[in-house]
Novice: 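Here's a structure for you.
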Amino acid sequence: MRVLIYLPLIIGLLASCASKRTGRVLSHPPASSSSKPSTSSSTASSKATSISGLNYIAQYKNIAISEMNRYGIPASIKLAQAILESGNGSSTLAREANNHFGIKCGGTWTGRSVTRADDSPNDCFRVYENPEQSFKDHSQFLLRKRYEKLFSLNKNDYKGWAYGLKDAGYATNPRYPELLIDLIERYELYKYDSAESKFEKIVREEKIETTIERKEDSGQVVQAEQIKEPVRMIIHEVKTGNTLYSISKQYNVPVEKIKELNNLTSENLSLGQLLVISK
């Protein structure tokens with residue numbers, strides 16, 4: 001009999017507690033979606049970076065941002081390409097010629113030059129007074145019909161630029177876009193990109209179109225391959241069980257060479273990490 005009397009009271013108390021708990025949960029607003037790229041900051045920060053890479057970015061990010069604001073090439077893209085092609089400024093061309101993008105003499109170059117074995121034993125490469133000139137000349141290289149469509153992208157669309165460069169023939173390896181994106185998200189280079197208004201974008205696109213047309217009409221633009229061969233490289237995606245030693249055996253490339261190409265200071269690898277095996 002007592003059970004029947006207290007049972008409604010117990011049920012009422014449980015219902016009251018449940019409603020209070022529910023009220024506390026619902027009082028918190030749902031988490032807002034992040035405006036950052038799909039790779040979260042925690043994931044990006046868990047991937048290995050190098051001191052040389054961070055120092056390189058700190059040294060040249062301002063010129064990359066300046067060129068982005070002038071032409072619309074994402075600063076993240078220019079920095080990622082420079083990191084890749086100059087080995088964080090450690091390549092022979094970067095050190096001795098201030099040439100961070102492997103730009104050759106071409107048909108219109110009248111400045112100093114240096115010969116290096118590349119596609120042929122005596123390829124002619126441009127020598128710049130300083131690295132900033134190399135970054136600026138890289139923009140001028142892209143200002144040609146082959147890459148014109150890229151300049152219609154938003155200047156903070158680094159993924160569109162990464163795939164667009166490959167489609168336009170800038171590189172031969174199909175994983176080249178993923179490697180650029182991996183570098184951008186690993187070092188959070190997207191922080192240096194900025195959006196623009198619709199009006200600013202229209203004005204910039206018209207300026208780019210006019211610049212390319214004038215260069216074409218004046219004969220300043222020579223065949224792209226005469227100035228820069230498409231970037232050729234073997235790219236390996238780190239899989240479960242991979243070590244630098246096993247990868248070196250797979251491609252018959254010394255471990256130290258792989259570390260040098262990727263600016264690795266240790267042998268720690270991240271699952272899904274993209275490694276340059278050879279250029």
Side-chain angles (χ1 to χ4, degrees), residues 36-37 39-68 73-102 128 130-136 138 158-159 161-162 171 173 175-194 231 233-239 242-248 251 253-279:
K36 288 187 177 182
T39 299
S40 65
S41 58
S42 61
T43 302
S45 62
S46 68
K47 294 183 177 181
T49 57
S50 67
I51 297 299
S52 62
L54 294 170
N55 289 340
Y56 185 86
I57 292 161
Q59 187 170 0
Y60 298 116
K61 63 183 175 63
N62 288 338
I63 182 63
I65 292 170
S66 175
E67 289 296 285
M68 172 186 67
I73 305 166
S76 60
I77 282 289
K78 188 177 284 287
L79 285 169
Q81 289 186 285
I83 288 170
L84 184 60
E85 297 191 55
S86 74
N88 290 339
S90 66
S91 70
T92 301
L93 275 178
R95 287 185 289 102
E96 298 182 3
N98 288 319
N99 191 330
H100 289 238
F101 295 91
Y128 301 101
N130 50 61
E132 286 76 10
Q133 286 186 354
S134 178
F135 275 69
K136 291 179 178 180
H138 172 255
Y158 66 87
K159 291 185 178 180
W161 266 86
N173 194 295
R175 300 305 305 277
Y176 184 75
E178 284 89 345
L179 183 58
L180 291 181
I181 292 169
D182 180 74
L183 283 171
I184 289 169
E185 297 182 348
R186 182 182 300 273
Y187 286 96
E188 298 184 349
L189 300 179
Y190 49 77
K191 294 188 298 187
Y192 305 119
D193 296 339
S194 60
V231 176
M233 57 181 59
I234 297 173
I235 301 171
H236 176 85
E237 181 177 358
V238 176
K239 298 177 176 59
N242 277 172
T243 63
L244 278 180
Y245 180 76
S246 68
I247 294 170
S248 72
Y251 295 98
V253 177
V255 168
E256 289 305 314
K257 181 64 175 177
I258 297 175
K259 291 177 69 174
E260 177 187 345
L261 286 171
N262 294 276
N263 301 288
L264 299 177
T265 56
S266 72
E267 296 194 5
N268 296 328
L269 299 176
S270 303
L271 189 64
Q273 181 177 350
L274 296 176
L275 296 175
V276 178
I277 304 301
S278 70
K279 293 185 179 181

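All of these numbers come straight from a predicted model, not from anything done at the bench. Atom set for the values below is all heavy atoms of this structure, side chains included, hydrogens, waters and symmetry mates excluded.
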Novice: Sequence neighbours left out, what pairs pass salt bridge (charged side-chain N to carboxylate O under 4.0 Å, His left out) with at least one residue falling in residues 261-278?
Specialist: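 For residues 261-278, and leaving out neighbouring residues, there are no salt bridge (charged side-chain N to carboxylate O under 4.0 Å, His left out) pairs at all.
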Novice: How close do Pro254 and Ser248 get, counting heavy atoms only, and between which atoms?
Specialist: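 What the structure gives for the nearest pair is C-CB, 4.2 Å.
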Novice: Run Ile73 and Gln81 through side chain to side chain contact (heavy atoms under 4.5 Å, CB included) and show every step you take.
Specialist: CA-CA 12 Å; Ile73 305 166; Gln81 289 186 285; 5.5 Å; no
Novice: Let me confirm one number: the CG-CD distance from Asn98 to Glu132, rounded to the nearest 0.5 Å.
Specialist: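 Taking CG in Asn98 and CD in Glu132, the distance rounds to 8.5 Å.
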Novice: Looking at residues at least two apart in the chain, or sitting in another chain, which of them share a side-chain contact (heavy atoms from CB on, under 4.5 Å) with Lys191?
Specialist: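 Expected list: Glu188.
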Novice: Working to the nearest 0.5 angstrom, can you tell me the gap between Leu54 CG and Tyr187 OH?
Specialist: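 Those atoms lie 5.5 Å apart.
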Novice: Once you round to the nearest 0.5 Å, how far does NE2 of His100 lie from NE2 of His138?
Specialist: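 The NE2 atom of His138 is 12.5 Å from NE2 of His100, to the nearest 0.5 Å.
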Novice: A quick test of your reading: do over 12 heavy atoms of other residues, nucleotides or ligands sit less than 6.0 Å from OH of Tyr251?
Specialist: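 Yes, because the 6.0 Å sphere around OH of Tyr251 holds more than 12 heavy atoms from other groups.
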Novice: Does Tyr192 have any side-chain hydrogen bond (donor to acceptor under 3.5 Å, both in side chains) partners at least two apart in sequence or in another chain, and if so, which?
Specialist: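 Checked Tyr192 against side-chain hydrogen bond (donor to acceptor under 3.5 Å, both in side chains); zero matches.
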Novice: Kindly write out the residues that satisfy side-chain contact (heavy atoms from CB on, under 4.5 Å) with Ala82, not counting sequence neighbours, or none if the list is empty.
Specialist: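 Scan of Ala82 (side-chain contact (heavy atoms from CB on, under 4.5 Å), adjacent residues dropped) gives Tyr56, Phe101, Phe135.
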Novice: So how far is it from Ile258 CD1 to Ile277 CD1, rounded to the nearest 0.5 Å?
Specialist: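 If I round to the nearest 0.5 Å, the distance is 4.5 Å.
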Novice: Have a look at Ile77 and tell me which of Ile181, Leu183, Ile184 forms a side-chain contact (heavy atoms from CB on, under 4.5 Å) with it.
Specialist: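 Passing option: Ile184.
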Novice: Using side chain to side chain contact (heavy atoms under 4.5 Å, CB included), reason through Glu178 and Ile235 one step at a time and then give a plain yes or no.
Specialist: CA-CA 10 Å; Glu178 284 89 345; Ile235 301 171; over 6 Å; no
Novice: Under 3.5 Å, side chain of Asn262 to main-chain N/O of Leu275, donor-acceptor pair present?
Specialist: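 No; zero donor-acceptor contacts below 3.5 Å.
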Novice: Within a reach of under 6.0 Å around NZ of Lys259, are more than 12 heavy atoms found that belong to other residues, nucleotides or ligands?
Specialist: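 Above 12, so yes.
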Novice: Contact between Leu84 and Tyr176 at the side-chain level, heavy atoms closer than 4.5 Å - yes or no?
Specialist: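 Sidechains of Tyr176 and Leu84: in contact.
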Novice: Tell me which pairs pass ring pair (Phe, Tyr, Trp, His ring centres under 6.0 Å) where either residue lies in residues 254-273, with sequence neighbours left out.
Specialist: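 Checked against ring pair (Phe, Tyr, Trp, His ring centres under 6.0 Å) - neighbours excluded - no pair reaches residues 254-273.
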Novice: So does Asp193 get a backbone contact from the side chain of Ser76, meaning a donor-acceptor N/O pair under 3.5 Å?
Specialist: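 It does not hold such a pair.
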Novice: Report the residues that fulfil side-chain hydrogen bond (donor to acceptor under 3.5 Å, both in side chains) with Asn242, sequence neighbours left out, ordered by chain and then residue number.
Specialist: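 By the side-chain hydrogen bond (donor to acceptor under 3.5 Å, both in side chains) rule, Asn242 matches His236.
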Novice: Quick one: CG on Leu189 to NZ on Lys61, what's the gap to the nearest 0.5 Å?
Specialist: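 Taking CG in Leu189 and NZ in Lys61, the distance rounds to 11.5 Å.
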Novice: List for me each residue that meets side-chain contact (heavy atoms from CB on, under 4.5 Å) alongside Glu237, sequence neighbours excluded, and say none if there are none.
Specialist: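 Here the qualifying residues are Arg175, Lys239, Leu274.
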Novice: With sequence neighbours excluded, tell me which residues meet side-chain hydrogen bond (donor to acceptor under 3.5 Å, both in side chains) with Gln133.
Specialist: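 So Gln133 forms no side-chain hydrogen bond (donor to acceptor under 3.5 Å, both in side chains) with any residue.
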Novice: Identify each donor-acceptor pair in which a side-chain atom of residues 88-97 lies under 3.5 Å from a protein atom, sequence neighbours left out, and give them as a table.
Specialist:
| residue | atom | partner | partner atom | Å |
| --- | --- | --- | --- | --- |
| Asn88 | ND2 | Ser52 | OG | 3.1 |
| Asn88 | ND2 | Asn263 | OD1 | 3.3 |
| Ser90 | OG | Gly87 | O | 2.6 |
| Ser91 | OG | Ala94 | N | 3.1 |
| Arg95 | NE | Ser90 | O | 2.9 |
| Glu96 | OE1 | Arg116 | NH2 | 2.4 |

Novice: List the atom of Glu185, the atom of Lys159, and the distance in Å for their closest heavy-atom pair.
Specialist: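 Shortest heavy-atom separation between Glu185 and Lys159 comes out as OE2-CE, 3.6 Å.
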Novice: Would you find a donor on one side and an acceptor on the other, under 3.5 Å apart, between the side chain of Ser50 and the backbone of Gly53?
Specialist: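 Yes, Ser50 side chain to Gly53 backbone: donor-acceptor pair under 3.5 Å.
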Novice: Roughly how far, to the nearest 0.5 Å, is OH of Tyr60 from CD of Glu67?
Specialist: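 Glu67 CD to Tyr60 OH: 14.5 Å, rounded to 0.5 Å.
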Novice: For Ser66, enumerate each residue passing the side-chain hydrogen bond (donor to acceptor under 3.5 Å, both in side chains) test, keeping only those at least two apart in sequence or located in another chain.
Specialist: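 If we apply the side-chain hydrogen bond (donor to acceptor under 3.5 Å, both in side chains) test to Ser66, skipping adjacent residues, there are no hits.
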Novice: Under the criterion side chain to side chain contact (heavy atoms under 4.5 Å, CB included), I'd like the reasoning laid out for Asn173 against Leu179: C-alpha separation, chi angles, the key distance, then a yes or no.
Specialist: CA-CA 10 Å; Asn173 194 295; Leu179 183 58; over 6 Å; no
Novice: Holding to side-chain contact (heavy atoms from CB on, under 4.5 Å), I want the full list of residues that pass it with Ala64, two or more places apart in sequence or in another chain.
Specialist: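 For Ala64 the side-chain contact (heavy atoms from CB on, under 4.5 Å) partners, ignoring immediate neighbours, are Ala75, Lys78, Leu79.
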